[in-house]
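Reviewing the structure listed below.
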Amino acid sequence: MPELPEVEVTRRRIAPFVVGRRIAKVRTTRKSYFFLTPPARLERELPGRTVVELERRGKYLLARLDDGRRLLLHLGMTGQLFVENASSVRLLSAATRASLTPEAQVSFVPDRHTHLRVEFDDGGPALFFRDVRKFGKVRLLGADGTDPRLEKLGVDALSATGDELWAAARKRKVAIKSLLLGQDVIAGIGNIYADEGLFLAGIRPRRAANKVSRSECQSLVDAVKRVLLRSIETGGSSISDYLQPDGSDGGYQDERRVYARTGEPCPKCGTKIRRIVIGARSTHFCPSCQR
DNA sequence: ATCTGTCCCTGGACGC
DNA sequence: TGCGTCCAGGGACAGA
């Protein structure tokens with residue numbers, strides 16, 4: 001699922017592709033939960049605008065336009081932002097793949113999950129936003145408008161400090177993992193990197209936040225940052241739907257220590273990795289290394 | 001104020 | 001082989 005590293009990799013790859021290009025045409029699927037701004041409005045108001053900058057805030061992307069407005073994008077769980085010539089098996093359902101010849105199985109064809117398609121007036125490759133489960137979001141913000149989602153974000157995970165985490169943690173009784181997943185204290189951490197960071201810091205995910213010491217908060221923030229930076233370096237985690245904007249897989253899924261490794265030996269001590277549920281989210285940890 | 005549970009959505013895994 | 005059922009999971013929201 002797209003978390004900070006996946007969104008950042010997407011930003012870095014998409015920015016040179018879209019910045020400076022003028023939008024010619026926008027095609028969308030029908031009005032839905034996915035569109036915070038009615039799709040008809042996007043189709044009407046985006047053409048003619050040039051993208052001037054692409055920024056990331058937590059797991060959100062913000063495309064700034066030449067009229068000062070900003071297009072807010074969130075990839076949700078299964079969101080995929082990619083360029084026209086991308087090809088990947090992750091862009092096709094199993095049923096679709098089965099109906100195609102092996103050679104055709106990786107060529108992308110816009111389907112009912114391809115909710116946004118942006119074409120540019122230079123005639124070059126278009127940009128696509130596909131999202132099977134529609135937990136993603138698209139919203140056009142006015143020139144001086146903002147969004148409550150952005151307002152609520154805490155400090156970005158890449159610039160967070162141990163003391164910032166500690167200041168919030170000492171006042172909270174929720175599991176430390178839940179605190180990491182909430183975007184209001186530190187923004188950008190999701191299920192994969194929360195589990196990986198807690199493992200590296202040797203902290204049990206279910207421990208109450210206010211039972212995590214100041215120095216442990218420091219170790220935790222350091223561990224999370226290390227994991228996030230390494231994941232960005234390798235192109236993010238392609239575990240289910242995520243792919244890089246050119247269609248290639250990221251590499252971090254091969255480096256994860258505990259996430260989705262239930263029953264496998266802990267890389268440090270060999271104890272079997274356990275899976276529990278915290279706040280309705282799968283959680284993976286080593287019962288021996290994490291206390 | 002904080003915490004917990006429910007819901008949005010769909011494909012894939014699993015059982016019969 | 002085919003159908004029904006369950007599950008995942010980011011984040012908003014309601015109710016405790």
Side-chain angles (χ1 to χ4, degrees), chain A residues 1-8 10 29-37 39 56-61 72-81 88-100 105 111-116 129-139 146-154 156-157 167-196 205-211 228 236-243 253 256 259-263 275-284:
Chain A
M1 57 246 53
E3 306 179 24
L4 186 151
E6 290 74 29
V7 178
E8 178 61 17
T10 299
T29 48
R30 70 215 309 244
K31 195 172 186 319
S32 77
Y33 183 79
F34 176 86
F35 290 107
L36 297 173
T37 294
R56 180 187 61 75
R57 305 242 344 244
K59 301 179 197 172
Y60 290 91
L61 283 176
L72 177 75
L73 305 172
H74 193 290
L75 300 179
M77 274 232 359
T78 52
Q80 302 168 315
L81 198 60
S88 168
V89 293
R90 298 185 194 277
L91 290 169
L92 305 167
S93 69
T96 308
R97 276 202 302 276
S99 69
L100 297 171
Q105 280 179 18
D111 59 3
R112 68 194 188 96
H113 305 301
T114 310
H115 302 298
L116 189 66
F129 188 175
R130 183 173 182 269
D131 185 1
V132 169
R133 290 185 197 170
K134 289 196 279 200
F135 285 0
K137 296 279 175 284
V138 176
R139 182 179 175 189
T146 182
D147 185 289
R149 293 162 183 77
L150 295 177
E151 298 296 299
K152 276 185 281 198
L153 290 180
D156 194 80
R170 56 190 300 208
K171 292 181 288 193
R172 310 280 297 271
K173 290 184 186 170
V174 283
I176 184 66
K177 171 161 179 187
S178 299
L179 195 67
L180 290 180
L181 290 182
Q183 304 297 297
D184 54 325
V185 178
I186 298 181
I189 305 170
N191 214 24
I192 300 173
Y193 302 103
D195 281 4
E196 295 296 307
R206 194 121 70 180
R207 181 146 29 122
N210 61 6
K211 303 284 185 194
L228 296 176
S237 297
S238 291
I239 293 175
S240 56
D241 301 271
Y242 172 74
L243 46 84
Q253 64 280 0
R256 77 204 136 86
Y259 181 81
R261 292 206 187 278
T262 312
R275 176 186 178 277
I276 57 175
V277 175
I278 296 179
R281 263 55 177 166
S282 294
T283 299
H284 315 79

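Everything numeric in this text was worked out from a predicted model, so none of it was measured. Chain identifiers are assigned alphabetically (A, B, ...) following the order of the sequence lines, protein sequences preceding nucleic acid strands; residue numbering begins at 1 within each chain.
Of all heavy-atom pairs between A:Arg90 and A:Ile239, the closest is NH1-O, 3.6 Å.
The residue A:Asp131 sits apart from the nucleic acid: no heavy atom pair falls under 4.0 Å. Residue A:Arg275 is classed as a sugar-phosphate contact, given heavy-atom separations below 4.0 Å to backbone atoms only. Counting any heavy atom pair closer than 4.0 Å across all strands shown, A:Tyr242 reaches no nucleic acid atom. Backbone-only contact: A:Ser282 has heavy atoms under 4.0 Å from sugar-phosphate atoms and none from a base.
Side-chain atoms of A:Glu6 and A:Tyr193 include a donor-acceptor pair closer than 3.5 Å. Looking at A:Arg275 and A:Ser282, their side chains do bring a donor and an acceptor atom within 3.5 Å of each other.
Between the NZ atom of A:Lys177 and the C1' atom of C:dG9 there is a distance of 10 Å, rounded to whole Å. In this structure, A:Arg170 places its CZ atom 17 Å from C1' of B:dT2, rounding to the nearest Å. If you measure from atom NZ of A:Lys173 to atom C1' of B:dT4, you get 14 Å, rounded to the nearest angstrom. Nucleotide B:dG11 holds its P atom 13 Å from the CZ atom of A:Phe135, rounded to whole Å.
Within the 4.0 Å cut-off from OP1 or OP2 of B:dC8, not a single side-chain nitrogen or oxygen of A:Arg133 is found. The shortest distance between the side-chain N/O atoms of A:His113 and the OP1/OP2 oxygens of B:dG11 is below 4.0 Å. The phosphate of B:dC9 has neither OP1 nor OP2 within less than 4.0 Å of any side-chain N or O from A:Arg112. One finds no side-chain N or O of A:Thr78 lying less than 4.0 angstrom from the OP1 or OP2 phosphate oxygen of B:dT10.
Between A:Gln80 and the choices A:Leu91, A:Asp131, A:Leu75, the side chain to side chain contact (heavy atoms under 4.5 Å, CB included) rule is met once, by A:Leu91.
Comparing atom distances between the A:Lys134 side chain and each of C:dA8, C:dG9, B:dT10 picks out B:dT10 as nearest.
The aromatic rings of A:Phe34 and A:His115 are tilted relative to each other, their planes meeting at an angle between 30° and 60°.
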Point to revise | Heavy-atom protein contacts under 4.0 Å, nucleotides 11-16 of chain C, coded B base, S sugar-phosphate only, - none | key: BS----
Exercise for review: Apply side chain to side chain contact (heavy atoms under 4.5 Å, CB included) to A:Leu153 and A:Tyr60, showing your working.
Suggested key: CA-CA 10 Å; A:Leu153 290 180; A:Tyr60 290 91; 4.0 Å; yes
Check your understanding: What do the steps show when you test A:Lys134 against A:Thr29 for side chain to side chain contact (heavy atoms under 4.5 Å, CB included), and what is the final call?
Key -> CA-CA 11 Å; A:Lys134 289 196 279 200; A:Thr29 48; over 6 Å; no
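Between the two ends of the helix from B:dT2-C:dA16 to B:dC16-C:dG2, each summarised by a five-pair axis, the helix axis turns through 50° (rounded to 10 degrees).
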